[in-house]
Amino acid sequence: MRVTRSKIGSRPLVHLLTATLLTTSSLAKAIEPLPYYTVGDPIPISCLNRTIETGEHITNEKGELQYIPFPRCNETGRPLELNFGIEKEINCTIDFIDDSFFHLLEFYVHNDAPLTCRIPSLPMTPEDAPTLHDTDDQIGVLGTQNSHYIPLIIALTGILQLSHLHVSNNLNILLHAAPKATSPGIIDSATAYSTSHLTKNTKVVIGDSLPLRFSVRWYPTTSLPSGWTGVGGHLFLSTVIYCLLSALAATAVCIAYFRGVELPRRLKTHGRDRAFGLQRANSNGAGSWGYTKGD
């Protein structure tokens, strides 16, 4: 009977231990740290799908805005991707501009509709894919924003002609990471824009390829460093050091020239003039200061 009581009494303890383990496991999963970017991680770019008739956005079966991958680049065979924390120049040639994409380019260049794209603020895993369109993650009307993504508006400029386009194909992409002290490995904001739209552009007609060149720059915080010198500029330590070194170098050159060239020349000239003056004085001194015979 004692053994039986012992067995019966141990069952609640077993259930208690099992419940404790399950609770601990659930808490561990709940407090599991979120994934974050490390340097070099790929960042996919997706853009808002639009109609070619009016440039209006297209919605999915849930009434939410539909995003599609950025066009495929010939250089990689994949849609355009960025890499976290990597500054570089990216060439992305879109192989064939069909009629639909050409009309979308007209909307983008003429500013009738923006090239609205987005990138994940945190790395996306296959497990995250089914939850990316959850209602709780949508922000704004028609799910215009998603808590998993940050907007990347590409200001593509150019010149619209009747039969063709001139697309400004040199673009800067600026990305801000969240402060490392508070939110390491998270993208805070991003933007992109064309540069030199009058001088650096390419002519595009239906059937052509479109070579795009992206210059990617990263900033560790949401603040932009001051790079404008302006009228009068800013005084930096490097400027002061440069001026001091230039002054010292100029002084050294002057001293070397004076001691090696100018001083010997002056000494030589002075010695020759002095010797010539003494000879002249000696030659003239006998008639001027010498004694003469008296009568």
Side-chain angles (χ1 to χ4, degrees), residues 29-30 32-37 41-73 76-84 90 92 94-157 167 171 173-178 183 185-194 210 212 214 216 222:
K29 290 181 179 180
E32 184 179 355
L34 294 173
Y36 57 88
Y37 285 111
D41 285 347
I43 304 171
I45 300 176
S46 56
C47 299
L48 188 63
N49 197 11
R50 296 184 180 275
T51 63
I52 64 173
E53 290 81 10
T54 61
E56 289 294 328
H57 55 261
I58 298 176
T59 57
N60 57 20
E61 63 279 0
K62 295 182 180 181
E64 301 167 350
L65 296 179
Q66 184 182 76
Y67 284 83
I68 58 176
F70 193 91
R72 183 176 61 87
C73 303
T76 61
R78 296 170 51 84
L80 179 65
E81 287 183 344
L82 306 176
N83 296 97
F84 185 81
I90 301 177
C92 177
I94 302 174
D95 184 35
F96 182 80
I97 304 300
D98 57 13
D99 184 72
S100 300
F101 191 62
F102 182 83
H103 288 300
L104 289 177
L105 286 176
E106 289 181 321
F107 286 121
Y108 300 149
V109 169
H110 199 251
N111 294 323
D112 294 320
L115 179 51
T116 305
C117 302
R118 65 182 186 178
I119 56 177
S121 58
L122 291 169
M124 296 288 101
T125 62
E127 292 76 11
D128 296 327
T131 64
L132 291 183
H133 299 287
D134 289 347
T135 306
D136 295 338
D137 298 326
Q138 306 300 330
I139 305 173
V141 181
L142 298 177
T144 52
Q145 298 293 333
N146 186 294
S147 59
H148 292 281
Y149 292 93
I150 61 169
L152 172 61
I153 309 300
I154 302 177
L156 187 66
T157 61
V167 179
L171 299 100
I173 299 181
L174 308 182
L175 301 106
H176 293 268
S183 304
I186 298 177
I187 303 175
D188 180 89
S189 51
T191 189
Y193 54 89
S194 295
L210 176 58
L212 298 175
F214 297 94
V216 183
T222 55

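Just so we're clear, the structure is a prediction, and the values are computed from it rather than from any experiment.
Heavy atoms only, all atoms of each residue included: Thr191 and Ile153 are closest at OG1-O, 3.7 Å. Residue Pro42 comes nearest to Tyr37 through the heavy atom pair O-CE2, 3.9 Å, listed as atom of the first residue, atom of the second, then distance. A pairwise comparison of heavy atoms in Pro120 and Pro44 identifies CD-O, 3.4 Å as the closest pair. The two atoms that bring Ile45 and Cys47 nearest to each other are CG2-SG, 4.3 Å, heavy atoms only. When every heavy atom of Pro35 is checked against every heavy atom of Leu122, the shortest pair comes out as O-CD2, 3.3 Å. When every heavy atom of Leu48 is checked against every heavy atom of Gln66, the shortest pair comes out as CD1-O, 3.5 Å.
Atoms CD1 and CD1, on Ile90 and Ile173 in that order, are 6.0 Å from each other to the nearest 0.5 Å. Considering OG1 of Thr51 and NE2 of His103, their distance stands at 11.5 Å, rounded to 0.5 Å. Here the straight-line distance linking atom CG of Leu171 with atom CG of Leu212 works out to 6.5 Å at 0.5 Å rounding. Of the inter-residue distances, the one linking Thr116 atom OG1 with Asn49 atom CG reads 11.5 Å to the nearest 0.5 angstrom. Interatomic distance, CD1 of Ile187 versus NE2 of His176, reported as 12.0 Å (0.5 Å rounding). Rounding to the nearest 0.5 Å gives a distance of 6.5 Å between CG of Asp95 and CZ of Arg72.
By the 4.5 Å heavy-atom criterion applied to side chains, Leu210 and Leu105 are counted as neighbours. Asp188 is not listed as a side-chain neighbour of Ile150, based on a closest heavy-atom distance of 4.5 Å or more. Using a 4.5 Å heavy-atom threshold, the side chains of Glu81 and Pro69 count as separate. In this structure, Asn83 and Asp41 have side chains that are not in contact, with every pair of non-hydrogen atoms separated by 4.5 Å or more.
The closest donor-acceptor contact from the side chain of Ser194 to the backbone of Thr157 lies under 3.5 Å. Between the side chain of Ser121 and the main chain of His148, a donor-acceptor pair closer than 3.5 Å is present. Looking at Arg50, its side chain never comes within 3.5 Å of a backbone N or O of Leu115 through a donor-acceptor pair.
By the 6.0 Å and 45° rule, Arg118 stacks over the aromatic ring of Tyr67.
By the 30° and 60° cut-offs, the orientation of the rings of Phe214 relative to Phe70 is perpendicular.
Paired with Leu152 under the rule side-chain contact (heavy atoms from CB on, under 4.5 Å), one option of Leu174, Ile119, Ile43 passes, and it is Ile119.
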